[in-house]
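Quick note on labels: first sequence line is chain A, next is B, and so on, each numbered from 1. The figures here come from the full heavy-atom set of this structure, side chains too, leaving out hydrogens, waters and symmetry mates. The structure presented is a predicted model; accordingly, all values stated were derived computationally and were not measured.
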Amino acid sequence: MLLDHVTDTPDVGIVAVLDDDTDQAKIVRFQLEDVGVQAIIADLDMVPTLESAIQWIRGNANAVICDVQLNNLHGGIDYDGAQLLARVIGDERIPGVLTTGFKDDVGMLVRPHRGHIPVLVSRDETEDPDILVAGVRMCRAEIDSGRGGERQTHRTALYIEKASMADTGVALDARVGGWARRISMRFPAAMLGSDFERIEHARRSVGQVFFAAVNLAATSETELFFEDIEPELVDPERLSFHFEAEQ
Amino acid sequence: MSAAMHVIDVAHGNCAVAADDGWALMVDAAPSAAVIEAVAHLELDRLDAVVISHRDYDHAGGLVPLLARKQLEIGAVYISADAAKNPKAPQTATLLAALHDAKRNGRCRVSRDLDAAMNPADLGGAGVVVEVLAPTFATAMTGPRGKSPVGPAMTSNTVSAILRVTVDSGIRVLLPGDIDDVALAELQAAGTDLSAEVLVFPHHGSNSAVADERGFAAAVMRMVDPRVVLFSVGRAAKARPTEEVMRGIFDVKPDVYVACTQLSTGCQADDSRLPAAGTPMAHLTAIPAAGRLACRSCAGSLSIAGGGVIGPAIQDHQTYLLSVADEPMCHTLRP
């Protein structure tokens, strides 16, 4: 939860800020400095590759505030913020908070990495330093102690209800068994296998079910992620039994 | 372990677990992580039976991850056919896939034999007796969309299975699913004994299909005559239980103990008096509760054994309730 109040911030250390919108990066730096946190803005020209960005963070910062979009306004960057932060948290054990101004990015860009990224905040929330600092602490706690109960995953069935073309590739929308009945979760079709990168193949999966482990305690669609994907698709209409009343 | 029944805070929906000496039964499985978390907390690697009262999502949706849990053995799932459910709907598709997956892998058998003709020995175990009081065999065979023996057409709610679970101390808990006035009329006509010390009130304290909620609640109270009434509710914009249901309960039994799993918006509409999310809720039992983290629980997950509700302590629950609610219905609506 992002509701701790900031009283003291020496534990946070130096925070690296990455955003292709330099004005927004300055806002984040100003907010952090306002609560006594030292922040440095990354020069994206100096970190054009994922590996160079990770190396720069490793050498200069104790935590990261990173926007999903790093290439839109800047160009020449071959990774996005979700890819970067997942590596920084998962491999480098450096805590971070992902920010986004585009809800559409959540499904296609963030979802594949959300299991490594416990804290995603909207651009509006970046104006509250309490949220950013609490987010860093929450991520640190997950790095040190593992996922809390609300991020534990449980195996369940997912129903593919739609396949479509999105800006970044083929998208699937699925309903999660045992979670909110009317809300779909969007994700890149390629998460189910390279065949799904073709829209024709993805469309044939509509109406079918697959199994994966999902964080069922998520309270919103933006928190959802899944792992341990079982690629075998089940067609509910071809199962070996049906309820009598449905025959 | 001594026999106990746990009513799980799943927000809107139902789930109850009875457990005793290595034997366990679950009744309904709402789509809430609290269902799985409760199974893990109670260290259950086997549920001897899971009974789904009817196939509405708030009672059956959590069956999907429960069936999919590879480390959990389930003896049998008892679930009714329901012609009112669209077989192509996502919730039906995932349920069928999960049932098929569990059956295929030998983790459970699936039975649609769920009616009042069942032998109690089929469901009970250890020190727990489980009776299926409804639907009748004839009603179960007719099913939703069919005509009730008392006249009107039946819905999924009408054919809800009603279970009475008696733990070894003799306390009886009635789990009536979402029964409506059509089901109640049939039970009254048949003279079915519904008496129990603890009632988990049907349909979360509201029933849009019931024109006279106050009369319905009073009729239920007369038939069950409970000492404790529990509501399995979420803290939703639509307040549950309704005032009319509460009035009907107190019309018949003004001194009955009432507890809701989550704080009803009918008792406190806004969140201004709630503790900040993440604040420990010391009065709750240790059993996982869907409203714990966001401090939306009221009584949270409840445990019943011995003389009645053994957790949370009634005094602690009342103290908490009065600290967060301006007009708790279980206080203000008593005559």
Side-chain angles (χ1 to χ4, degrees), chain A residues 1-5 134 138 141 148-162 173-185 206-219 223-224 228 230 232-247, chain B residues 11 29-37 40-41 55-58 60-72 79-101 103-104 110 112 143-146 276-279 288 290 292-295:
Chain A
M1 307 306 293
L2 301 180
L3 299 168
D4 293 348
H5 289 282
M138 186 174 167
E150 72 280 8
R151 295 221 332 131
Q152 295 287 334
T153 58
H154 305 282
R155 184 173 182 261
T156 191
L158 298 94
Y159 174 88
I160 301 170
E161 65 173 354
K162 184 181 170 189
D173 294 281
R175 302 283 185 98
V176 179
W179 197 68
R181 178 183 183 178
R182 294 184 177 86
I183 300 175
S184 297
M185 171 179 70
V206 172
Q208 300 193 50
V209 172
F210 69 99
F211 285 82
V214 182
N215 56 327
L216 295 175
T219 56
E223 296 173 11
L224 281 174
D228 299 332
E230 298 169 31
E232 180 193 1
L233 292 176
V234 178
D235 185 343
E237 294 188 31
R238 295 188 178 192
L239 295 178
S240 57
F241 70 97
H242 268 291
F243 292 102
E244 283 174 2
E246 292 167 357
Q247 287 177 336
Chain B
S32 165
V35 172
I36 296 281
E37 291 164 0
H41 175 83
R55 277 180 50 196
D56 281 359
Y57 195 66
D58 57 335
L63 187 54
V64 175
L66 200 69
L67 287 164
R69 186 176 172 85
K70 287 182 173 173
Q71 60 271 47
L72 178 68
I79 185 167
S80 300
D82 189 339
K85 302 299 179 215
N86 174 4
K88 294 182 185 296
Q91 55 269 27
T92 310
T94 51
L95 178 61
L96 287 172
L99 283 165
H100 182 263
D101 178 66
K103 262 176 76 96
R104 187 183 59 177
V110 179
R112 278 168 281 120
R145 292 185 173 170
T279 304
R292 182 192 300 272
L293 192 61
C295 294

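- Using a 4.5 Å cut-off between heavy atoms, B/Lys88 touches chain A through backbone and side chain atoms alike.
- Exactly one residue among B/Thr94, B/Val64, B/Thr92 makes a side-chain contact (heavy atoms from CB on, under 4.5 Å) with A/Tyr159. That residue is B/Thr94.
- Atoms CH2 and CD, from A/Trp179 and B/Gln91 in turn, are 14.0 Å apart once rounded to the nearest 0.5 Å.
- Across B/Pro90, B/Ala60, B/Ala29, the residue that shares the most heavy-atom pairs under 4.5 angstrom with chain A is B/Pro90.
- Between atom CZ of residue B/Arg292 and atom CD of residue A/Glu150 there is a gap of 12.5 Å, rounded to the nearest 0.5 Å.
- Neither the backbone nor the side chain of A/Val214 comes within contact range of chain B; no heavy atoms are under 4.5 Å apart.
- Proximity to chain A is limited to the side chain of B/Arg104, based on heavy atoms less than 4.5 angstrom apart.
- The two residues A/Gly149 and B/Glu37 come nearest to each other via the heavy atoms O-OE2, 3.8 Å.
- Separation of atoms CD (A/Gln152) and CD1 (B/Ile36) is listed at 12.0 Å; rounding is to 0.5 Å.
- Rounding to the nearest 0.5 Å gives a distance of 4.5 Å between CZ of A/Arg155 and CG of B/Asp101.
- Heavy atoms closer than 4.5 Å to chain B are found nowhere in A/Ile160, neither backbone nor side chain.
- The nearest pair of heavy atoms linking B/Ala93 to A/Pro236 is CB-CG, 3.6 Å.
- For the atom pair B/Leu66 CG and A/His154 NE2, the distance stands at 11.0 Å (nearest 0.5 Å).
- Per-residue counts of heavy-atom pairs under 4.5 Å with chain A were compared for B/Ser32, B/Ala97, B/Ala34; the largest is that of B/Ala97.
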